[in-house]
Amino acid sequence: MRIRRTLAALAVVATAAACAPAQTGPAGPGGDEKTGTLRVWLFDEANRAPKEAVVKDAVAEFEAAHPGVKVDVQWIPVEGRADRFSGAFNDPASAPDVAEFGNTDVASYAQTGALADLTEDIRAWPEGAGLQASVLDTAKADGKTYGIPWYTGIRALYYRTDVFAELGLRPPATLAELTETARAIRAARPDLYGISVGGKYTYALLPFVWAHGGEVARNTGGAWRGDLTSPATAAGVSAYASLLSPGICPPEQCANSTGTQSVQAFAGGKAAMTIGGDFNRKAVEAGAVRGKYAVVPLPGTQPGSVAPAFAGGNLLGVFRATTHRSLATEFAELLAGAKYQARMYEAMGNLPTLTAVQNQVAASDPFLEPFVATLKAGTKFVPSSPAWSRIDAQGVLPTAVQQIATGEKSPDAALAAANEAMNQAFGG
């Protein structure tokens, strides 16, 4: 969801996906008029001016290249997107031609039948070959691609350089070493959390699951089923839950913490490490640790490996009912192309999805290097199912982590209950 370095991460983004109700019947395809008004929905910002300036230039370029076309941009509040998109799904006449939306919304939105399949468009787009493959996967549902990845957000390991120097420590090379390091810091500096994490921080949990070879769910024969009770997944969840302990990040303070709260604890000088995104940079720079931190990729289970990160981000999609199919696709490709991805990075700090632009911005800003390295090492995504929004809203994974961390349930019992709840959401 809202991914950038100039603003602290939106609580989604972070990340609760909206579940739009399916319409009574999919909207029929529209037309391919070459003139008229192109309606575009983009997410509003707390500070819209930099984004708006970039979009304004793209609109001017597009209109100059297409006489008789006017691009009408409407700014949609992220918090109210569910109602706006639901209305558009149920009434094609009110739908935009092009829209920005979060990648965790793709499966729910695609289920309505209201979005155009852009698979062949992206394949034919000259710049499409430069899209990071794992990021492009976040735009897919049932094998079809419903949006062009506009920007992405990746998490890595922030750590206090002053504390590590004081204690003679080095950045951890494995997840096991991370736990040992966090415990050593807490023992030497009881005023600090060894690492600030949270029971409600799903996007910090997932890399532990994936690094151990687990999955929260697997798609078999076209049906999603929970995989929380598999040995690999259980090992990953248990490794993460072990950080919520008195000797690292006490459950009474950390079990109910979200991702935003975990990063705030680090920024405020209360923790020696945290798992944060490139989009958390401004919050950290504004805190007590300014000038006293660095970032490295979150390590995997083996030295030299990188734990797969969740690839958050936003897409540009085309509504199936558009009467300007070619124009809508062309405008989405212009805005998501290298020129305007670079401009959006300059304006908002959004991490590009095109490999060449990623390399360009990383070369100009060393802060981004660990995030780009994490992206290149391979990212993963949540189950591409409309049920995921319900699973996320119900807090299925956080509940299991909290139960394990507080001792309310054994790991086996907590994960079995979570797996059952997940399967009910998937449809039995």
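These figures come from a predicted structure and were not determined experimentally. Values reported hereafter were calculated over all heavy atoms of this structure, with side chains retained and with hydrogens, waters and symmetry mates removed.
Proximity of a side-chain donor or acceptor of N90 to a complementary backbone N or O of S86 within less than 3.5 Å is detected.
For the 3.5 Å distance criterion, the side chains of Y158 and N280 fail to qualify, holding no donor opposite an acceptor. Donor-acceptor pairing under 3.5 Å is recorded for the side chains of T379 and S134. Between the side chains of T274 and S196, a donor-acceptor pair is found at a separation under 3.5 Å. For the residue pair T329 / R325, a side-chain donor-acceptor distance below 3.5 Å is found, with atom types taken as modelled. Counting only N and O atoms by type, the side chains of Y340 and E61 include a donor and acceptor under 3.5 Å apart.
With rounding to the nearest 0.5 angstrom, the CG atom of L38 is 11.0 Å from the CD atom of E33. Rounding to the nearest 0.5 Å gives a distance of 9.5 Å between CG of L354 and CD1 of I148.
Shortest non-hydrogen contact noted between M422 and G226 is SD-CA, 3.8 Å. L205 approaches V237 most closely through the heavy-atom pair CD1-CA, 4.0 Å. Closest of all the heavy-atom pairs between Q358 and V372 is O-CG2, 4.2 Å.
No close placement of the F310 and W210 rings is indicated, their centers lying 6.0 Å or farther apart. Aromatic pair Y159/F164: centroids less than 6.0 angstrom apart.
Counting non-hydrogen atoms of neighbouring residues, nucleotides and ligands closer than 6.0 angstrom, the CG atom of D72 exceeds 12 such neighbours.
The closest side-chain heavy-atom distance from W75 to L42 is below 4.5 Å.
A salt bridge does not link K339 to D57: none of the charged side-chain nitrogens sits closer than 4.0 Å to a carboxylate oxygen. Looking at K34 and D32, a side-chain N of the basic residue comes within less than 4.0 Å of a carboxylate O on the acidic one, giving a salt bridge. Comment: R189 engages D191 in a salt bridge, judged by a side-chain N to carboxylate O separation of less than 4.0 angstrom.
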Name every donor-acceptor pair, under 3.5 Å, that has one atom in a side chain of residues 284-298 and the other anywhere in the protein, sequence neighbours excluded.
{"residue": "E285", "atom": "OE1", "partner": "R290", "partner atom": "NH1", "Å": "2.7"}
{"residue": "E285", "atom": "OE2", "partner": "Y293", "partner atom": "OH", "Å": "2.6"}
{"residue": "K292", "atom": "NZ", "partner": "A288", "partner atom": "O", "Å": "3.4"}

Mind running salt bridge (charged side-chain N to carboxylate O under 4.0 Å, His left out) on D162 and R160 for me, showing each step along the way?
CA-CA 5 Å; D162 58 334; R160 288 275 297 274; 2.8 Å; yes
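For the side chain to side chain contact (heavy atoms under 4.5 Å, CB included) with R343, the qualifying choice from N350, V54, L335 is V54, the only one to do so.
For the salt bridge (charged side-chain N to carboxylate O under 4.0 Å, His left out) test, residues two or more places apart in sequence or in another chain that qualify with R170 are E177.
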